[in-house]
Amino acid sequence: MDFDKLFEAQIETLKSEGNYRVFAELERQCGKFPKAAKHSADGVRDVTVWCSNDYLGMGQNPKVIDAMCEAVQRCGTGSGGTRNISGTNHDHLLLEAELADLHGKEAALLFTSGYVSNWAALSTLGSRLKDCVILSDAGNHASMIEGIRHSRATKVLWKHNDVADLEAKLKALPADVPKIVAFESVYSMDGDVCPMREIVEVAEKYGAMTYLDEVHAVGLYGPRGGGISEREGLADRITLIEGTLGKAYGVVGGYITGSAALCDFIRSFASGFIFTTALPPAVAAAARASIQHLKISSFERMQQRRQVAKLRARLDAAGIPHMMNESHIIPVLIKDPVKTKMLADYLMDEWGIYVQPINYPTVPKGTERLRFTPSPLHTDDDIDHLMNALTSLWKKCAISRAVA
């Protein structure tokens, strides 16, 4: 059997649908974010990145860089294996204590990515709690969906951010079965924020555990960057808070926080923790420096909010429709995969602006978009340049200013 032909046939289907992904070859340049070097057959050119999840530019922060370099000199580059085999590095424990403090929890547990922390925690909870039912928001991330699926627990979907639907589905379940309500604070593609207080109150009413994904909120919201749960004063009422070190904190890795018993339970049974090489100590040291900085500094958050507001106002003034939300994520809907990629290519080729086209399966078909994430390091000149490009693009491509 010619397996390559089978692979190629499915790739051709992706291409014909407009959903084949092409990754730009970019080189982040230390101290120059959001600028990056784009490599191609024609050479190297500078571009401005408008879609990074390094939301606050902390991957370029001198404190974070120095902490990583110091730890490399002190410990070397790798962790040596899993924590089960090679032991827990001191930097891992310092970071877990920092994360537990961030969310006001007894304990925290590190993973290699936010995807893995969701997958491992939800799959372990769902499989180890007898007769468990997981009630999952319909907009939850793929990592949560995969964790729930792998657990083989009963899954109940509730309508996105619809607390009445959640309550109806909780009410229909037997009172004596373990129930987990799984949801996110900020949803990454639409940028909408959940009605957290109402969700927590309904979960408490029916004795359900709450599982909150804060990956697109940690570092960005709350007086110390603890996320929407900190901003709303609800962290102490949420059973498990999951987050990432790879977005606003500018490094890499994922984590969960909760009671000491909960974290020990996940540590003891989650294959995604037990059998995975631990984060390098230098990564843990850099993440800890980033968290410590953002616990006391609001400058980055305030400057980001100013730039987000400026871009939204300029889009409104130009008649370029974008999805309204209260977060830092600005989606501009195009609703066609081929056109979305064409517009992204035009921005890159003609204007030196990099924004990745977002298509299926990241978003449902028919909701393709360009997703802009202004950072505190995007200047007013960067916004001017982007708006000149978008205005030109909208005219050139004859896109309706009423509906994108």
Side-chain angles (χ1 to χ4, degrees), residues 51-56 58-59 64 79 83 92 95-96 98-100 102-103 105 107-126 134 136-137 139-151 180 182-189 191 193-194 210-222 225-230 235 238-258 262-263 266-267 270-273 275-280 283-284 286-288 290-291 294 327-329 356 358 361-362 371 373:
C51 54
S52 175
N53 284 346
D54 187 356
Y55 291 132
L56 298 176
M58 290 300 291
V64 178
S79 64
R83 287 165 72 169
H92 295 147
L95 176 55
E96 286 173 343
E98 200 73 54
L99 289 163
L102 175 68
H103 295 294
K105 299 296 185 186
L109 190 66
L110 285 173
F111 292 85
T112 50
S113 73
Y115 190 105
V116 174
S117 54
N118 267 335
W119 179 87
L122 281 166
S123 63
T124 301
L125 289 166
I134 303 178
S136 178
D137 185 289
N140 279 344
H141 188 262
S143 57
M144 301 175 78
I145 295 168
E146 285 299 317
I148 296 167
R149 179 181 295 134
H150 184 75
S151 77
I180 301 172
F183 61 105
E184 301 181 38
S185 56
V186 178
Y187 288 84
S188 62
M189 290 299 120
V193 177
C194 76
T210 40
Y211 184 108
L212 171 63
D213 176 319
E214 284 264 39
V215 297
H216 292 277
V218 289
L220 297 164
Y221 301 95
I228 302 296
S229 57
E230 182 190 33
I238 294 168
T239 317
L240 184 153
I241 298 175
E242 184 268 352
T244 185
L245 306 169
K247 293 182 170 60
Y249 291 122
V251 193
V252 67
Y255 65 87
I256 62 165
T257 64
L262 170 60
C263 290
I266 301 297
R267 182 192 69 86
S271 63
F273 175 83
F275 298 107
T276 300
T277 297
L279 290 172
V283 168
R288 180 167 169 250
S290 184
I291 294 164
L294 289 173
S327 77
H328 56 285
I329 296 166
Q356 178 71 7
I358 305 293
T362 305
R371 174 183 176 272
T373 55

First locate atom CD1 of Ile256, then atom CG of Leu109, and finally report the distance between them rounded to the nearest 0.5 Å. 5.0 Å

Looking only at non-hydrogen atoms, find the nearest pair between Ser143 and Asn118 and report the distance. OG-ND2, 3.1 Å

Among Thr244, Val215, Val218, Leu279, exactly one meets side-chain contact (heavy atoms from CB on, under 4.5 Å) together with Tyr255. Which residue is that? Val218

If we ignore hydrogens and angles and just use 3.5 Å, is the side chain of Thr210 paired with the main-chain N or O of Thr239 as donor and acceptor? yes

Can a donor-acceptor pair be found, under 3.5 Å and without considering hydrogens, that links the side chain of Lys105 to the backbone of Ala235? yes

Partners meeting side-chain contact (heavy atoms from CB on, under 4.5 Å) with Thr373 (sequence neighbours left out): Tyr55, Ile329, Arg371

Any chance you could measure Asn140, atom CG, to Tyr211, atom OH, to the nearest 0.5 Å? 9.5 Å

Heavy-atom closest contact (Ala284 atom, His92 atom, distance): CB-CD2, 4.0 Å

How many angstroms lie between OG1 in Thr124 and CG in Leu122, if you round to the nearest 0.5 Å? 9.0 Å

Rounded distance (nearest 0.5 Å) linking atom NE2 of His328 with atom CG of Leu220: 5.0 Å

Pairwise side-chain contact, Leu240 with Ile180, heavy-atom cut-off 4.5 Å (strictly under): no

Residue pair Ala120 / Phe111: nearest heavy atoms and the distance that separates them: CB-CE2, 3.7 Å

With distance as the sole test, does Glu98 use its side chain to make a donor-acceptor pair with the main-chain N or O of Ile291 at under 3.5 Å? no

Report the C-alpha distance between Asp213 and Phe183 in whole Å, list the side-chain angles of each, state the deciding distance to 0.1 Å, and finish with yes or no for side chain to side chain contact (heavy atoms under 4.5 Å, CB included). CA-CA 6 Å; Asp213 176 319; Phe183 61 105; over 6 Å; no

Listed partners of Tyr115 passing ring-ring contact (aromatic ring centres under 6.0 Å, His included), at least two apart: none

Taking all non-hydrogen atoms of both residues, which atom of Glu242 and which atom of Ser117 are closest, and how far apart? OE2-OG, 2.7 Å

Looking at Ile148, is its backbone amide N or carbonyl O close enough to the side chain of Ser151 to form a donor-acceptor pair, meaning the two atoms are under 3.5 Å apart? yes

Minimum side-chain heavy-atom gap Asp137-Glu184 below 4.5 Å: no

Which pair of non-hydrogen atoms, one from Val186 and one from Val193, has the smallest distance, and what is that distance? CG2-CG2, 4.0 Å

Between Leu245 and Leu95, is the side chain to side chain contact (heavy atoms under 4.5 Å, CB included) condition met? List the steps. CA-CA 11 Å; Leu245 306 169; Leu95 176 55; 3.8 Å; yes

Apply the test side chain to side chain contact (heavy atoms under 4.5 Å, CB included) to residues Glu230 and Glu214: give CA-CA distance (whole Å), side-chain angles for both, the deciding distance (0.1 Å), then the verdict. CA-CA 10 Å; Glu230 182 190 33; Glu214 284 264 39; over 6 Å; no

Asn53 CG to His216 NE2 distance, which is reported to the nearest 0.5 Å: 5.5 Å

Let me confirm one number: the CG-CZ distance from Leu110 to Arg83, rounded to the nearest 0.5 Å. 6.0 Å

Nearest heavy-atom pair of Met58 and Ser290: which atoms, and what distance? CE-OG, 3.5 Å

